[in-house]
Amino acid sequence: MNVMKRNGPLYLQIKEILKDRILHGEYAIHTIIPSEPQLEKEFRVSKITIRNAIKELVQEGYLEKRSGVGTKVIANVANAKLSKGKRFTEILVEEGYHITKKIISIDSINLSSEMPLYSYFGEKCLKVDRIYLLNHEPYIYFTHYILLDLAVDTVDIQINSLYRFLEENNIRLESFRDEFTISAAPEHVSEILNLEKDAMVLKRMRKSSDAKGKVLEYSEGYYHTSKHNYTVTYNDFNQ
């Protein structure tokens, strides 16, 4: 996997990739991650770059280095910034599922005034399609629309963590509004999720806003809930 200097310090990019793998179960809790030489070869960087990335994750409490043993995953749950609840993917990882993500496409699209998204983004936005795989099988299809007009060609964009990508482009999301419905999945979604034609699935619509309430990202997600129900947990409840 290639990381590029124009996207910021290489060790921070690698740190975020490794953290993402930990949070989504690719590097399971209590297991040893690939050795430093293996990571050097994968990312095509120096030994010191890998060591700095691992050092950051050790300081954040995700990894533990043991002489003669290797680097072990000791935590796989992120500190929630906006909620005391756990993210759905964290719940799946805790239950022993393996979660991976794959980008399908990244495009800059033009919007007309007749389109609903025009009221959020104006004439142009970035569109990102990606899927989540549950134990290597397609499980969730997401389409994200983002208030972002990049100067670089979309073919040059690499996204490992979507919300990290947004932060790197100075997009700070402070609040989220989710709506759920039951809907027939679009044909291209059904094809990728291996659903029958016109199958009804859980659809989640999310508006993500900045501190002033301006919508910066809108997403639609289709969940193949026959593989796993959508789950929400809360640490406490105040009536």
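A donor-acceptor contact shorter than 3.5 Å links the side chain of Gln13 to the backbone of Met4. Side-chain atoms of Asp210 come within 3.5 Å of backbone N or O of Lys212 as a donor-acceptor pair.
Thr100 and His98 form no side-chain donor-acceptor contact under 3.5 Å, judged by distance and modelled atom types alone. Tyr120 and Lys207 form a side-chain donor-acceptor contact under 3.5 Å, judged by distance and modelled atom types alone. Under 3.5 Å, the side chains of Asp129 and Tyr141 contain a donor-acceptor pair of N or O atoms.
Atom CZ in Arg21 sits 15.5 Å away from atom CD1 in Ile99 (nearest 0.5 Å). Summarising the geometry, atom NZ belonging to Lys127 is positioned 11.0 Å from atom CG belonging to Leu111; distances are rounded to the nearest 0.5 Å. Here the NZ atom belonging to Lys101 is positioned 5.5 Å from the CZ atom belonging to Arg130, to the nearest 0.5 angstrom. In this structure, His144 NE2 and Leu126 CG are separated by 11.0 Å, a value rounded to the nearest 0.5 Å. Within the model, atoms CG of Asp20 and CD1 of Ile17 stand 8.5 Å from one another, a figure rounded to the nearest 0.5 Å. Atom CG of residue Leu134 and atom OG1 of residue Thr89 lie 11.0 Å apart, to the nearest 0.5 angstrom.
Residues Leu133 and Lys102 have side chains in contact (heavy-atom distance under 4.5 Å, counting atoms from C-beta outward). Residues Ile32 and Val69 are in side-chain contact: their nearest non-hydrogen atoms beyond the backbone lie under 4.5 Å apart. Two residues are said to be in side-chain contact when any heavy atoms from C-beta on lie closer than 4.5 Å; Leu57 and Lys19 meet this criterion. Contact annotation: the side chain of Val3 approaches that of Val45 to within less than 4.5 Å [non-hydrogen atoms, C-beta and beyond]. Residues Leu92 and His228 form a side-chain contact, since some pair of their non-hydrogen atoms from C-beta on lies under 4.5 Å apart. In this structure the side chain of Ile171 reaches within 4.5 angstrom of the side chain of Ile146, judged on heavy atoms. Between Cys125 and Ile109 there is a side-chain heavy-atom pair separated by less than 4.5 Å. Proximity of Thr231 to Phe88: side-chain heavy atoms (C-beta onward) are separated by under 4.5 Å at one or more points.
Heavy-atom neighbours of Lys41 NZ from other residues, nucleotides or ligands within 6.0 Å: at or below the threshold of 12.
Of all heavy-atom pairs between Ile54 and Glu36, the closest is CD1-CG, 4.0 Å. Of all heavy-atom pairs spanning Ala75 and Ile22, the tightest one is O-CG2, 3.3 Å. Minimum heavy-atom separation, Tyr145 to Phe121: O-CZ, 3.3 Å. Residues Ser183 and Tyr222 come closest through the heavy atom pair OG-CE2, 4.4 Å. Of all the heavy atoms in Ala53 and Tyr11, the pair that sits closest is CB-O, 3.3 Å. When all heavy atoms of Phe176 and Ser208 are compared, the closest pair comes out as CD2-OG, 3.2 Å.
Under a hydrophobic-cluster definition in which Ile, Leu, Val, Met, Phe, Trp and Tyr are linked whenever side-chain heavy atoms come within less than 4.5 Å, directly or via other members, Phe180 and Ile182 are assigned to the same cluster. Cluster annotation: Ile33 is not connected to Ile74 through the hydrophobic network of ILVMFWY side chains, with a link wherever side-chain heavy atoms come within less than 4.5 Å. Residues Phe43 and Leu63 share a single hydrophobic cluster, defined by chaining ILVMFWY side chains whose heavy atoms lie under 4.5 Å apart. Residues Ile50 and Leu12 fall into different hydrophobic clusters, defined by Ile, Leu, Val, Met, Phe, Trp and Tyr side chains chained together at heavy-atom separations under 4.5 Å.
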Below 3.5 Å, can you tabulate the donor-acceptor pairs from side chains in residues 184-200 to any protein atom, sequence neighbours excluded?
| from | atom 1 | to | atom 2 | distance (Å) |
| --- | --- | --- | --- | --- |
| Ser190 | OG | Ala185 | O | 3.4 |
| Ser190 | OG | Pro186 | O | 3.3 |

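Taking the six-membered ring wherever Trp is involved, the centroid distance between the rings of Tyr230 and Tyr223 falls below 6.0 Å.
Applying the salt bridge (Lys or Arg N to Asp or Glu O under 4.0 Å) test to every pair with at least one member in residues 219-232, sequence neighbours left out, gives these pairs: Glu137-Lys227, Lys203-Glu220. Screening residues 108-124 for salt bridge (Lys or Arg N to Asp or Glu O under 4.0 Å) gives no qualifying pairs among residues at least two apart or on separate chains.
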